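Working notes for the structure below.
These figures come from a predicted structure and were not determined experimentally.
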Amino acid sequence: MVKISTKTRYGMRFMIDLALNQGDGRVALKDVAERQGISKKYLEQVVAPLAAAGLLSVTRGNQGGYALARPADAITLADIVAASEDGLELLDCTSALSACERAGSCPSRRVWEGLQDAIAAYLEGSTLADIAAS
């Protein structure tokens, strides 16, 4: 079974929270942690790959905080998942034929590829702005 990591799930929650609460300024990590019920210490680990991927702007210091590095409508859910996950494959054979000796002739592989494609299309076609507006 493919499971999305806790860091990715919390990263998604963090980014959506930021899109909803950023306004014209920066948001303190402790405020997001309180709203989301996530420890501040763990959230620090969650935001590191998001910042490294260029999705967050981080300002240190007394007036510091976090802000989206791009407008919410320019950040897809796929961007967020890609920052935290090392690929999101349902089965090994959907990304590499060599993963299974039957992959080239397996009729069920098309089912998993279709599902994989649908997930990717949903993540790539949905932005933070879309989610924040719903």
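Considering Val47, Leu50, Leu68 as possible partners of Leu18, the one that fulfils the side-chain contact (heavy atoms from CB on, under 4.5 Å) test is Leu68.
Listed for the Ser134 side chain is a donor-acceptor partner under 3.5 Å among the backbone atoms of Ile131. Between the side chain of Arg13 and the backbone N or O of Gln36, at least one donor-acceptor pair lies under 3.5 Å. When atom types are taken as modelled, the side chain of Thr8 and the backbone of Ile4 share no donor-acceptor pair closer than 3.5 angstrom.
Scanning all heavy atoms of the two residues, the minimum distance from Leu20 to Ala132 falls at CD2-O, 3.5 Å. Scanning both residues, Ser39 and Ala33, for their nearest heavy atoms gives C-CB, 4.3 Å. Annotation for Ala69 and Gly54: closest pair CB-O, 3.2 Å, computed over non-hydrogen atoms. Across Lys7 and Val46, no two heavy atoms sit closer than the pair O-CG1, 3.7 Å.
Between the side chains of Arg26 and Ser57, a donor-acceptor pair is found at a separation under 3.5 Å. Side chain to side chain, Thr76 and Glu124 fail the donor-acceptor criterion of an N or O pair below 3.5 Å.
Annotation: side chain of Leu56 is in contact with side chain of Met15 (closest heavy-atom distance under 4.5 Å). The closest side-chain heavy-atom distance from Leu77 to Thr127 is not below 4.5 Å. No side-chain heavy atom of Leu128 sits under 4.5 Å from any side-chain heavy atom of Asp73.
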message = As a quick check of understanding, evaluate side chain to side chain contact (heavy atoms under 4.5 Å, CB included) for Phe14 and Leu29, giving each step before the final call.
response = CA-CA 9 Å; Phe14 177 86; Leu29 193 67; 3.7 Å; yes

request  = With side chain to side chain contact (heavy atoms under 4.5 Å, CB included) as the test, would you mind laying out the steps for Val27 and Val32 before giving the verdict?
outcome  = CA-CA 7 Å; Val27 176; Val32 178; 3.5 Å; yes

task = Quick one: do Asn21 and Arg35 satisfy side chain to side chain contact (heavy atoms under 4.5 Å, CB included)? Show the steps, please.
result = CA-CA 10 Å; Asn21 295 292; Arg35 281 192 296 268; 3.4 Å; yes

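With respect to Glu44 and Lys40, a salt bridge is recorded, a charged nitrogen being found less than 4.0 Å from a carboxylate O.
Residue-environment remark: OH (Tyr42) exceeds the threshold of 12 foreign heavy atoms within 6.0 Å.
For the atom pair Ser84 OG and Asp79 CG, the distance stands at 11.5 Å (nearest 0.5 Å).
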